[in-house]
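Shown next, in structure tokens, is the structure this report addresses.
Heavy-atom basis, side chains included; hydrogens, waters and symmetry copies ignored. Sequence positions, counted from 1, serve as the residue numbers for this chain.
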Amino acid sequence: MSNETGATNPRRGQAPRGERIADWADGRLGIYSLAKSNMRKIFPDHWSFMLGEVALYSFIIIILTGVYLTLFFHPSMAEVTYHGSYVPMQGVRMTQAFESTLDISFDVRGGLLIRQIHHWAALVFLAAMMVHMMRVFFTGAFRKPREVNWLFGFLLLVLGMFTGFTGYSLPDDLLSGTGVRFIEGVILAMPLVGSYLQFFIFGGEFPGHDIIPRFFTVHVLLLPGIMLGLLVAHLILVFYHKHTQFPGAGKTNNNVVGMPLLPVYMAKAGGFFFLVFGVISVIAAIASINPVWAIGPYRPDQVSTGAQPDWYMGFAEGLVRVMPGWEWNFWGHTVNFGVLIPILIFPLVLVAIAVYPFVESWVKGDKREHHILDRPRNVPTRTGFGVAWLVAYFVMLIGGGNDLWATHFHLSINSITWFVRIAFFVGPVLAFIATKRICLGLQRRDKDKVLHGRESGIIKRLPHGEFIEVHEPLDQEQLHLLTQHEQPAPLELGPEVDENGVERKLSRSQKLRAKLSKAYYGEDNVIPKATVEEYKEITSGHGHH
């Protein structure tokens, strides 16, 4: 329709409102250029990469449910008499922390489900973090330039463990109170500073009146804030360094083969978030966890049976339970080695995990960037270390629940304790040796497949009566996958004397580095790859069926 008056339409020629808002924001924040450079970033597609996403989504669920619970929880150790809707507890003296936990469970709409989701999400978060880190470890994804990101992930795991501990201690029930009492014993076992730390943390003699409010502040403010910062930094480095990828056709250190962040990856990630949320919610709805009303409030003169922490603290618990009760008395002081040694071993194990990427880089002497992942079989020593650590962890997990193993399977608790003590030293060694042999066997199989092809299952009789199985040659993609890995030679110290006949002085670190390098890449730790000459000789028909 024409405008007969000749007046102009002020709306004609204007951009849509959404576009104008986007232009306004871009002019002040530079969003468009940032999005243009990052929203089309390529991410490889492999099921194991979802492990990190499970951890991320579980953390988001923890934050969302935690905010809701914070609105109704009272972190106070002031004693009250319960008169709530849970009849078996009426008239019982308890702290306001325990009372508010019962109110959340029975009187707040959806409170019990949110509590269950929060606790299960914490367990799933730490489980996903641990499995994700083991995937990173076994595939060598921690190598340059991702050593710092390994440290960020490690710190997220450790902080998650302590956040979980402070979280399940907040209800002040008999189970969590026993765990806090255990921690008090650990603190007191520290020579010289133990009693001072105990008074500082608890605000006086155990249990004091400050521990729950302090745990609440640490649990909802300090640790989540640090973890959120580490998580953001972790994701920024993932974007900056580009994603690692498994070896395959067309994949090199200089490219990434996969899907763009928008729209494909974001659509899949969004759907996966709701899938994780749904699975955790279903678990929380059908599997009760931490039923504090069945345990009762904490009393210092009582100890709960079956008092185990959540699984991620089972390693530390097992160390303490199976350690002999050794004590030394001197100068009027008692040093409890039964607790002191385990609390020294636990942080040493954590430190070893944190610094491993730097140790391997030093042993290998490799300063290059790596964006293609290793197949675990091609790095037998590293894979052996990983399996040995897992065996040690699960052995101590058995030690941390030795009483439950004894009661459920009608075994002697002393027998279980001695089994754990022996298995802690023997099991990892046997696992390391067995894993290395398995990896070498898989390398031999790969070499045989490259040279002779894949077994077809077809039996053929030769003219002279011999029966053989026909082998099908591998295609180029499979040949590349089985032969693309590097096989670095071990570092050599060189001659003991120089060209002038003067004995060379070698430091202890140089000698140690050479020995470790031989242990990683020596003849007994690698099966040489099939060479082109071997392949041509066999496939040309000489001695090949």
Side-chain angles (χ1 to χ4, degrees), residues 54-55 58-59 61-63 65-66 69 73 97-98 101 105 112 114-134 154-186 211-212 215-216 218-220 223-224 227 276 279-280 283-284 286-295 298 303-322 342-343 346-347 349-350 353 390 392-405 408 420:
V54 172
S58 300
F59 184 77
I61 295 169
I62 292 170
I63 297 298
T65 54
L69 294 174
F73 182 73
F98 188 81
T101 304
S105 302
L112 180 58
I114 298 298
R115 270 194 65 228
Q116 301 280 283
I117 293 175
H118 188 73
H119 201 147
W120 274 113
L123 297 180
V124 171
F125 168 73
L126 285 160
M129 278 290 299
M130 182 174 175
V131 179
H132 174 62
M133 288 192 68
M134 294 313 298
F154 165 78
L155 289 174
L156 278 168
L157 178 65
V158 174
L159 292 177
M161 293 167 61
F162 287 101
T163 305
F165 170 75
T166 56
Y168 70 65
S169 298
L170 288 180
D172 199 29
D173 59 288
L174 188 56
L175 178 61
S176 66
T178 303
V180 176
R181 184 77 179 202
F182 172 84
I183 293 299
E184 188 228 7
V186 169
I211 191 64
I212 296 299
F215 272 7
F216 181 77
V218 170
H219 180 72
V220 305
L223 293 180
M227 292 176 67
V276 172
V279 170
I280 292 177
I283 296 174
I286 64 177
S288 177
I289 188 171
N290 199 21
V292 296
W293 55 88
I295 302 171
Y298 178 67
V303 176
S304 173
T305 57
Q308 279 77 27
D310 283 337
W311 68 269
Y312 47 85
M313 299 298 287
F315 183 83
E317 176 87 5
L319 285 172
V320 174
R321 288 197 181 198
V322 304
I343 65 174
F346 185 59
V349 171
L350 295 179
I353 296 172
L390 288 175
Y393 185 90
F394 285 111
V395 165
M396 278 303 155
L397 204 59
I398 295 174
N402 56 1
D403 54 342
L404 293 182
W405 285 90
H408 282 66
V420 172

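The nearest pair of heavy atoms linking Pro309 to Gly314 is CG-N, 4.5 Å. Contact between Ile212 and Ser169 at its shortest, heavy atoms only, is CD1-O, 3.5 Å. The two residues Leu126 and Trp311 come nearest to each other via the heavy atoms C-CZ2, 3.7 Å. Contact record, Ala97 with Asp172: CB-CB, 4.3 Å, taken as the closest heavy-atom pair. Closest approach of Leu174 and Ile295 over heavy atoms only: CB-CG2, 3.5 Å. Closest approach of Ala55 and Ala128 over heavy atoms only: N-CB, 3.7 Å.
Two residues are said to be in side-chain contact when any heavy atoms from C-beta on lie closer than 4.5 Å; Phe182 and Thr178 fail this criterion. Side-chain atoms of Leu156 and Phe59, non-hydrogen and from C-beta on, never get closer than 4.5 Å to each other. The closest side-chain heavy-atom distance from Met133 to Met130 is not below 4.5 Å. Looking at heavy atoms from C-beta onward, Val322 lies in side-chain contact with Met396 at the 4.5 angstrom threshold. Looking at Val180 and Phe215, their side chains come closer than 4.5 Å, going by heavy atoms from C-beta outward. Inter-residue side-chain proximity for Trp293 and Leu112 is flagged as met; some heavy-atom pair is nearer than 4.5 Å. Annotation: side chain of Ile280 is in contact with side chain of Ile61 (closest heavy-atom distance under 4.5 Å).
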Exercise. Do Tyr312 and Phe165 pass the ring pair (Phe, Tyr, Trp, His ring centres under 6.0 Å) test, and can you show the C-alpha distance, the side-chain angles, and the key distance before you say yes or no?
Worked result: CA-CA 9 Å; Tyr312 47 85; Phe165 170 75; 9.3 Å; no
Exercise. Under the side chain to side chain contact (heavy atoms under 4.5 Å, CB included) criterion, do Phe346 and Val349 qualify, and how do the steps go?
Worked result: CA-CA 5 Å; Phe346 185 59; Val349 171; 5.6 Å; no
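A donor-acceptor pair is defined here as one N or O able to donate and one able to accept, closer than 3.5 Å; such a pair exists between the side chain of Gln116 and the backbone of Ile289. Remark: side-chain polar atoms of Trp120 are paired, donor with acceptor, to backbone N or O of Ala287 under 3.5 angstrom. Although no hydrogens or angles enter the test, the distance criterion places a donor-acceptor pair under 3.5 Å between the side chain of Arg115 and the main chain of Asn290. Without hydrogens or angle criteria, His408 side chain to Leu404 main chain gives a donor-acceptor distance under 3.5 Å.
Using cut-offs of 30° and 60° on the angle between ring planes, the pair Tyr168 and His119 is parallel. Classified by interplanar angle (parallel below 30°, tilted 30° to 60°, perpendicular above 60°), the ring pair Phe315/Tyr393 is parallel.
Taken to the nearest 0.5 Å, the CD1 atom of Ile117 stands 12.0 Å off from the CD1 atom of Ile62. Here the straight-line distance linking atom OG1 of Thr166 with atom CE of Met161 works out to 12.0 Å at 0.5 Å rounding.
Evaluated for a side-chain contact (heavy atoms from CB on, under 4.5 Å) with Thr101, the options Asp173, Leu170, Val292, Leu69 yield exactly one hit, Val292.
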